[in-house]
Structures are given as C-alpha cells and as structure tokens.
Amino acid sequence: MKKEKILILGAGGQIGVELTLALRNVFGTDNVIASDIREAHPILKDSGPYVMLNAMDANAIHEQIKKEGITQVYLLAALLSATGEKDPKKAWEINMQSLLQLLDLGVQEKLSKIYWPSSIAVFGPTTPRQETPQATVVEPRTVYGISKYAGELWCQYYHQRWGLDVRSLRYPGLISWKSAPGGGTTDYAVEIYHEALKHKKYTSFLSENTYLPMMYMDDAIRGTIELMEAPAEQMKTRMAYNISAMSFSPKEIAASIQKHIPDFAIDYAPDFRQQIADGWPQSINDAEARAHWHWQHKFDLDKMTAEMLSNLRGAVL
Ligand code: AKB
C-alpha cells in the first residue's frame, strides 16, 4: 500500500462514490477519507472513514487536513452545466471559491497532490467541434464552462508560481450505474438506461442527432488514478488533459439499447440543455493524454450498454 492520506471533497456525487471505492483499493480503506456536505451516500455508508464537510468551508477543511495528516485532496464538489445556468453567480462562487481556497491550503500545508476535475464544457461554439484538440480556441458560453476554464488557468498558475502539483482531466459526459449524475447536460445518457429498464421508453431532452463525447465511469476512474499516479515529468501540460472514449447521439444510444430491449422506444423533447450541447464539441482529440501518460479507454458504446443494463438489472432500480 502507498503511504498517502487522501481527503475527497464531494464524495457523494457521481464521480466521488466510485472514486472513493477505487482509491480505497489502491491506498487502503483507512487512508481515504470521504466527505460531502450531506450524510454519506448509501454505497459509502459503513465502507470506510466519512466526515460531513462543506467544500466551501476552508477552516473545516484545513482542520481536517492537519488532524488527519492529509497528503492529497480530490475536490469533486461543483455545480454542473445545467444547474449552473439556473443560478450563474452561485455556480461561479461554489466552483471557484472551493478551488481557490484549496489551492492556498495546498501551498500552505505542502500537499503532495491535488485533483480537480475540468470538463469538455471549457470549449464553446467557436471551438472546432470535431476531434477538438488539447489546445485550441476556447470561449465557453456556460458559467460552468467559464469556471472550469478559469480553474484550469488557476491550477496552472499555482503550479508555475508555487510548484503545487495539481492535476486535472476534461471529462466528457460520464455514464455510471452506481451513482446518479446531477444537473448536467449529458445526464440523459444515464437516465435513458434506467427508463429503458423501467418503462421501455424515454423522452430525450436533447435532439436525436446531438453528438457529444461520452465515457463509461470505469474508464474515467481508472484514467483519473492513472493521471494522479503518473510521474510528474510526464505531465507536459498543467492545464487539464483532454480524454476521450466515444461519441454518440441519443438516436445511437437508443439503437444500442434496442439490441437488448427490442421494443424500447425513444422520442425527443429538446429543452434549454439543447443550446448548451450545441456549443460543445462532438468529439475530442486526446492524443496528448495517450502520448504523455498512456491513457487508453476500454469501453465503447455497445460494451457500455451491455454493462449498464446488466448491472442495473442486478441493482434495486
Ligand atoms: C455536464 O453535462 O455538465 C457534465 C460535463 C460534461 O462536465 N457532465
């Protein structure tokens, strides 16, 4: 087991639940303290150390870091794209303040590493939409995207100015069965599996040919840990890395589900999230991540559909 003591802020969210479990396998259960503003997620209950912590409460986080001898922090708490548009100022405050105060704590307490997720939302309508490169035109139009891009720049700044080892990935839409997403534009790609099993029909809030970059959670978790474990000299950018696995539309995911549930039906009622999706890339070029720290995805659409349906069938829906 590696000698690190890890604190996860926002462990009750879609990424946090699975990342907590995976990090405990690598570093040992007692060395990974999960925290969230709420009571523990049912999957995390009784699974290891848990503390209620608000990611905005710098003093409480500082105390926890000192008390537990924390060496690494993963900050996963954030308001996502769709929720952020409903209250832009709140999204900016939560997404930026939680990061900036953690970066300061990282310098002050000499943390060995910090992880902070970015997103494909950093890109905007003026970005090339196909095979979007690592470094390109970036003009995000959502407050979530603006906060993620500003956050990337702050991470880079703290690295260059104080040598803080902050690492980050630009996640595409993440699809998982253990924990639900909340407030994202890509959430339809999770809801559709639940509805296919429960009602054999789904109304998509994105139109049928809206292509977005997506990834199965297993790949995202493995990629995150591989990024964090890679030697520092392999980090050739201190902005977040593009990572990619697949790209599909609502029509294509429906067709993939129909291979297992032939009478599954989909219809379309695009809402305000359509405009957000229309400003994002359709596919991502992640050549740098593959070359620098050997990122590789394992799941394509059909493999993910088979896993999602069989795992959700086995879980209590
Ligand atoms: C969202 O849809 O807001 C997120 C993301 C792509 O970062 N899933």
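Numbering of ligands and ligand atoms starts at 1, following listing order. Only a predicted model underlies this, so the values are computations on that prediction, with no experimental measurement involved.
- Looking at Tyr144 next to ligand 1, an N or O pair under 3.5 Å apart turns up.
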Next item on the list: Could you walk me through whether Glu226 and Arg222 pass the salt bridge (charged side-chain N to carboxylate O under 4.0 Å, His left out) test, one step at a time?
Entry: CA-CA 6 Å; Glu226 284 172 7; Arg222 188 177 42 75; 3.2 Å; yes

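- Counting non-hydrogen atoms of neighbouring residues, nucleotides and ligands closer than 6.0 angstrom, the CD atom of Gln130 exceeds 12 such neighbours.
- Residue Thr186 has at least one N or O atom closer than 3.5 Å to an N or O atom of ligand 1.
- The contact set between ligand 1 and Leu80, taken as ligand atoms under 4.0 Å from a residue heavy atom, comprises 3 (O).
- Neither the backbone nor the side chain of Ala121 comes within 4.0 Å of ligand 1, counting heavy atoms alone.
- The contact set between ligand 1 and Ser119, taken as ligand atoms under 4.0 Å from a residue heavy atom, comprises 5 (C), 6 (C), 7 (O).
- Relative to the six-membered ring of Tyr115, Arg167 misses at least one condition, a distance below 6.0 Å or an angle of at most 45° to the axis.
- In this model, no donor atom of one side chain and acceptor atom of the other lie less than 3.5 Å apart for Tyr74 and Thr20.
- A donor-acceptor contact under 3.5 angstrom links the side chains of Glu252 and Tyr211, judged on distance only.
- Residue Thr185 has at least one heavy-atom neighbour below 4.0 Å for each of these atoms of ligand 1: 1 (C), 2 (O), 3 (O).
- Atoms of ligand 1 lying under 4.0 Å from any heavy atom of Trp280, numbered from 1 in the order shown and given with element: 1 (C), 2 (O), 3 (O), 6 (C).
- In this structure, the ring of His194 has its center no less than 6.0 angstrom from the ring center of Tyr202.
- Heavy-atom proximity to Ser81, at under 4.0 Å, picks out these atoms of ligand 1: 1 (C), 2 (O), 3 (O).
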